[in-house]
Amino acid sequence: MATTKTDPDQRHNEGREPAKLASDLLTADDYHELLKQLYMARYFDVRLIKEKKRGRLRGTLYSSHNQEGIIVGALYGLRPTDWISPIHRDMPAFFMKDFRSGWDNPERVGMTIEEVCGQVWGKVTSPGRARDNWSHIGSRAKKIIHSTSMLAGTIPAAVGVTLADRLNGLDSVAVTFNGEGSTAQGVFHEAINFAAVEKLPVITIIENNQWAYGTPTHYEYSLEDFARRADGFGIPGLVADGQDVLDVYNKVCQAVEFSRAGNGPSIVECKTFRSYGHGDHDDDRAEKYRPEEEVEEGRKRDPIAIMKKIMVEKGFLSPAEAAKFPAEGKGASEVTDEDFPPEVVAYLNRGVESAVNAPVPEAHEGGMWVFREEN
Amino acid sequence: MATATETGVKKNFLTGLKEAIAEEMESNPNLICMGEDIGALGGAFGVTDGLIARWGRERVIDMPISEAAIVGVAAGLCLNGKSVMVEMQFIDFISCGFDQIVNMTATYHYRTAGEVNMPMVIRGPAGAYGGGALYHSQMNEAWFANSPGIKIIVPSTPYDAKGMMKAALRNPDPVLVYEIKDLYRRRDLEEVLPEEDYIVPLGKASVRREGDDLTIVTYGQNVYHCLEAAKNLEKEGYHVEVIDLRSLVPLDEATIIESLKKTNRLLVVNEAPMTCGFAGEVLSRMSEKAFEYLDAPPARITRLDTPVPWVKPLELFVLPSVEQITEKALKLIKY
Ligand SMILES: Cc1ncc(C[n+]2csc(CCOP(=O)(O)OP(=O)(O)O)c2C)c(N)n1
Ligand SMILES: [Mg+2]
C-alpha cells in the first residue's frame, strides 16, 4: 500500500539529493506523543459512537476510526500559524490542531476540547454557537477554515487565505483534508488549478478510504493512484500509507517544505480504509454495497498497532509496554476506557462534562447574524 | 439630484462605476479585485480599465474561467482580512459560482455567529433589451434574494452607480451588484458627478418622479420605461409616481408604503420572469402591509416566463414595454 509504481517524489527530488526523511529528526518523545495522539483521536471517535448509541447526541456521526494516522500525521507536520480545512470525517482535527505546542497550552492555535464537545452536543460553548452541525465549525483566530456540507467547497477558501497571507508577507501554508470522492467536484479542479497558477502553498490531502458513501473508487475516477491527478495540474502528487502516521508525516512535511519554498501546491494521497458505514445511519446497511471480507481486510492495518510495532523495533517501547492499552484492532463496541491511556480518557471527559453542563443557545439566536450590518 | 458643480464634465454610468472602484482601491489597501480578463484588457466592458497599471497583479487578479473558484478564493481572502471585488464577466455566468455564493459566502456570518463577515462585492453586466440572447441578458436577482445573507442592488443612474458601488465596497456584507449593461454608455443619462467623495447608502429607494394617481415600483432599466409611460400619462392628465428601488435587499418598504398612502394604487415592473420574481415579492409585501391603502388590485408587469430570445421582435415580445406599462397603469387608475 505504501509504495506506488511511479515515484511520487520525483518532482521534489529533481536535480538534488533525496530529501532526508522528516521523521529522522523526531525523538523518542515525539514517537510517544504521536502514539498518544493516535489514541486520542481513536478515543474521541469511539466515545462519540457510544454517546450517540446512548442517544445523547443528535445528527450524523462520520467515524474517523482507522483513519487517525492521516489526521495526526498531517497535523504534526504543521506550524501553529498554518491553516487547516478539515471535513466531516476529521472531527478530531479541530481540537488536535497544534497539539504539538502542548495539549493544554493556552497559546495553542487550535480549538479546545470543550469547544469541540460543545459543538457536538449543540451547546453555547460551540465556536459557532451550534448554528450548523458537527464538523461545520471553524475559527479565524485558530486558523481553521469553517467547514460546510459542500464537498470540496472549502478548498477555494484555503487558496484564498494563503493568498491573503502571502500579500501580508507571511509564509504559512494551508492543508485541506478531503475524501477521495469529493475530488470529482468541479470546484476541486478550479481551486487547485488556480493555486497551481499562482504557486500558492495549499496542500490537498486525500483521505482515500476506498469508498465515497456507497460508491467504490473505480466508479469515482480512473486512476490507479489518485495522486497522479496532480500531473494534470503540473504539481507534485505524493502517495502516503495512511495507516502509517510517520509516512503521512513525512509526505506532508515534504509537501509543506516544497510549498514554503515558494514552489506552490501539491496533493498528498493517503491510502486508508473506512472502518464503519459512511455515517452511523449507514452502519447497519453498508453490507449492501461493501463485502464483509473487504471490511475485515481493510481493518487489519490499524494505525495504532503499526506505530507500536515501529516503536518496539526502534526500542522506544518494550513489548510489555506495547501490550498495554490494547485499543488497536477493536471496534467501538469492543473497547473500554481501560484500553486507552488514562490521560486521554481524562482529556475527553473534561470536554464531555463541560458540554453536558452547558446550556443550549436561546431560540431567538436562530434569527440573528444574517448580516453584519443590518439596515 | 447630485450636488454637481456647474462646470463639471458629464459622465456616463460606466465611468461612475470605474471611478468608484478606482477610488476605493486607492483608499482601501486591503481591497482586491478578481475576475476574468480584468487585468490588461480591463474587463469585457472596461469597468476595471487601468486598475492593473496602477496596482499590479497583487491586487488586480486575472482569474482562470472558474466562477466557483473566483468566489471561493474571494471568500478565503475575506476570511483572512481582505475585501474583494469580484467581477462576473456577465451576470448570467454567476450560476457557475452559485454554490460558493449562497452556501459558502452568504452563510458565513450566520454560521459563525458573527465571527466572520464577508466584505465581498460581486458585480457584473446584466439585463436584456440589447439582443444578448439567452445567456447574456439575464436578471437572476431572485435566486439570490431567496438566499439570506446577500445584499442586492441595481443602480440606474451614473450618480447612483458610483455612490452605491462605493457604499457596496465599504459594506461589511456580501453585496451583489446588477449593472445594467445597456445603461453603461447611454448618452442621455450622463450627468456631472460630485468631485468630492460621496456614497449612496444601500437600502434606500429613490422617488424618480412624483405623482398621486398611481405608484409604479421598478428598478434597473425599467425605470426609464416607467418614466416614459408616466410622461405619456401626464399628457392625459394623470400623475404617476415612479419609485426606483435601487436596493432589493434590504428593501425600502417605508418609501413604497408612504407613496401608496397617497396614490392608493400599485404597479410593479421588472424585466425578470414572473414566477417567484422580485416584482411578486413587492406585491405580496404590500398586500400584507399596505392593503388598507389600496383601492385597486395591485398588479405587475414582468418578462414572460421564458428565457430571453435573441432576435429583436421576439426579445421585445417577452419583455415589459412602455405600451404595456402605460396601458396597465391606465387600467389601475381607472379601476
Ligand atoms: C456537493 C455534495 N454532494 C453530495 C454530498 C453528500 N455526501 C456527503 S459525504 C459523501 C461521500 C463522500 O465521500 P468521500 O469524499 O470519499 O469522503 P468520505 O466520506 O469517504 O470520507 C456524500 C456523497 C455532499 N455533502 N456534498
Ligand atoms: Mg472516501
Side-chain angles (χ1 to χ4, degrees), chain A residues 83 85 124 126-132 136-141 143 145-150 152-168 170 172 174 185-198 200 202 361 365-366 368-375, chain B residues 29-30 32 34 57-59 61-82 84 96-97 99-100 102-119 148-151 170-174 201-204 247 249-252:
Chain A
W83 292 82
S85 172
V124 291
S126 143
R129 295 185 78 82
R131 301 168 76 73
D132 198 357
H136 302 161
I137 42 173
S139 163
R140 176 185 256 163
K143 311 228 178 261
I145 295 174
H146 311 71
S147 99
T148 69
S149 270
M150 325 316 288
T154 49
I155 306 179
V159 176
V161 294
T162 61
L163 183 55
D165 273 351
R166 188 168 74 183
L167 286 168
N168 294 336
L170 305 172
S172 44
Q185 280 280 307
V187 77
F188 177 91
H189 297 81
E190 289 191 16
I192 296 176
N193 178 55
F194 176 64
V197 168
E198 273 296 322
L200 288 166
V202 177
E365 285 195 10
M368 291 172 68
W369 294 305
V370 175
F371 291 112
R372 169 66 55 99
E373 185 185 281
E374 304 281 354
N375 291 64
Chain B
N30 265 327
I32 292 176
M34 304 171 71
R57 185 169 166 80
E58 281 213 339
R59 290 182 58 201
I61 309 174
D62 263 322
M63 292 293 293
I65 307 165
S66 303
E67 285 76 9
I70 296 173
V71 176
V73 171
L77 285 162
C78 293
L79 167 60
N80 205 358
K82 303 289 179 189
V84 187
C96 299
D99 174 60
Q100 288 293 321
V102 303
N103 282 320
M104 183 74 180
T105 307
T107 58
Y108 227 117
H109 192 259
Y110 186 85
R111 62 193 155 89
T112 61
E115 181 208 0
V116 178
N117 63 307
M118 293 272 124
I150 312 168
K151 294 171 178 172
R170 293 176 196 178
N171 200 278
D173 296 309
L202 310 186
K204 294 270 173 292
S247 168
V249 181
L251 179 64
D252 182 358

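All chains are named by letter (A, B, ...) in the order of the sequence lines, taking the proteins before the strands, and each is independently numbered beginning at 1.
Looking only at side-chain heavy atoms (C-beta outward), B:Pro64 and A:Glu190 stay at 4.5 Å or farther from each other.
Closest non-hydrogen pair, A:Arg140 versus B:Cys78, comes out as NH2-O, 3.0 Å. For A:Val161 against B:Gly76, the heavy-atom pair with the smallest separation is CG1-O, 3.3 Å. In terms of heavy-atom proximity, A:Ala191 sits nearest to B:Ala69 at N-CB, 4.0 Å. Summarising the geometry of B:Ala68 relative to A:Val187, their closest heavy-atom pair is CB-CG2, 3.9 Å, with the distance given to 0.1 Å. Heavy atoms only, all atoms of each residue included: A:Phe371 and B:Val249 are closest at CZ-CG1, 4.2 Å. Counting all heavy atoms, side chain and backbone alike, A:Ala157 lies closest to B:Met104 at CB-CE, 3.6 Å.
Looking at B:Gln100, the atoms closer than 4.5 Å to chain A (heavy atoms on both sides) all sit in the side chain, from C-beta outward. Of the atoms belonging to B:Asp173, it is side-chain heavy atoms, and not backbone ones, that fall under 4.5 Å from chain A. Interface remark: A:Ala158 contributes no atoms to any contact with chain B (heavy atom separation under 4.5 Å). Only the side chain of A:Met150 comes within less than 4.5 Å of a heavy atom of chain B; its backbone N, CA, C and O stay farther away. Heavy atoms of B:Arg59 lying under 4.5 Å from chain A are absent altogether. Contact of B:Ile61 with chain A is made through the side chain alone, with heavy-atom distances under 4.5 Å. If you measure heavy-atom distances from A:Ser147 to chain B, the contacts under 4.5 Å come from the backbone alone.
Chain B forms more heavy-atom pairs under 4.5 Å with one residue of A:Ser126, A:Ser139, A:Gly186 than with any other, namely A:Ser139. For the options A:Val197, A:Thr154, A:Leu163, heavy-atom pairs under 4.5 Å to chain B are most numerous at A:Leu163. The choice from B:Asp252, B:Val71, B:Asn30, B:Asn103 that makes the most heavy-atom pairs within less than 4.5 Å of chain A is B:Asn103. The choice from B:Gly149, B:Ser247, B:Ala75, B:Pro148 that makes the most heavy-atom pairs within less than 4.5 Å of chain A is B:Gly149. Looking only at heavy-atom pairs under 4.5 Å with chain A, the residue among B:Lys204, B:Lys82, B:Met118, B:Glu67 that has the most is B:Lys82. Ranked by non-hydrogen atom pairs under 4.5 Å with chain B, the options A:Met368, A:Arg129, A:His189, A:Arg372 are led by A:Arg372. Chosen from A:Gly160, A:Pro361, A:Ala174, the residue pairing most often with chain B at heavy-atom distances under 4.5 Å is A:Gly160. Ranked by heavy-atom pairs under 4.5 Å with chain A, the first of B:Val84, B:Ile150, B:Thr112, B:Asn117 is B:Asn117. The candidate with the highest count of non-hydrogen atom pairs below 4.5 Å against chain B, out of A:Asp165, A:Asn193, A:Leu200, is A:Asp165.
Partners of B:Glu58 according to the salt bridge (charged side-chain N to carboxylate O under 4.0 Å, His left out) rule, which considers only residues two or more places apart in sequence or in another chain, do not exist here.
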Requested in this report: Take A:His146 and B:Arg111 through the test side chain to side chain contact (heavy atoms under 4.5 Å, CB included) and record every step on the way to the result.
Outcome: CA-CA 9 Å; A:His146 311 71; B:Arg111 62 193 155 89; 3.6 Å; yes

Query raised in the report: Does the side chain to side chain contact (heavy atoms under 4.5 Å, CB included) test come out yes or no for A:Leu167 and B:Ile32, once each step is laid out?
Result: CA-CA 10 Å; A:Leu167 286 168; B:Ile32 292 176; 3.2 Å; yes

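Within 6.0 Å of atom CG in A:Leu170, more than 12 heavy atoms from other residues, nucleotides or ligands are found, so the atom counts as buried in its surroundings.
With respect to the salt-bridge test (charged N to carboxylate O, under 4.0 angstrom), the residues B:Arg170 and A:Glu373 do not qualify.
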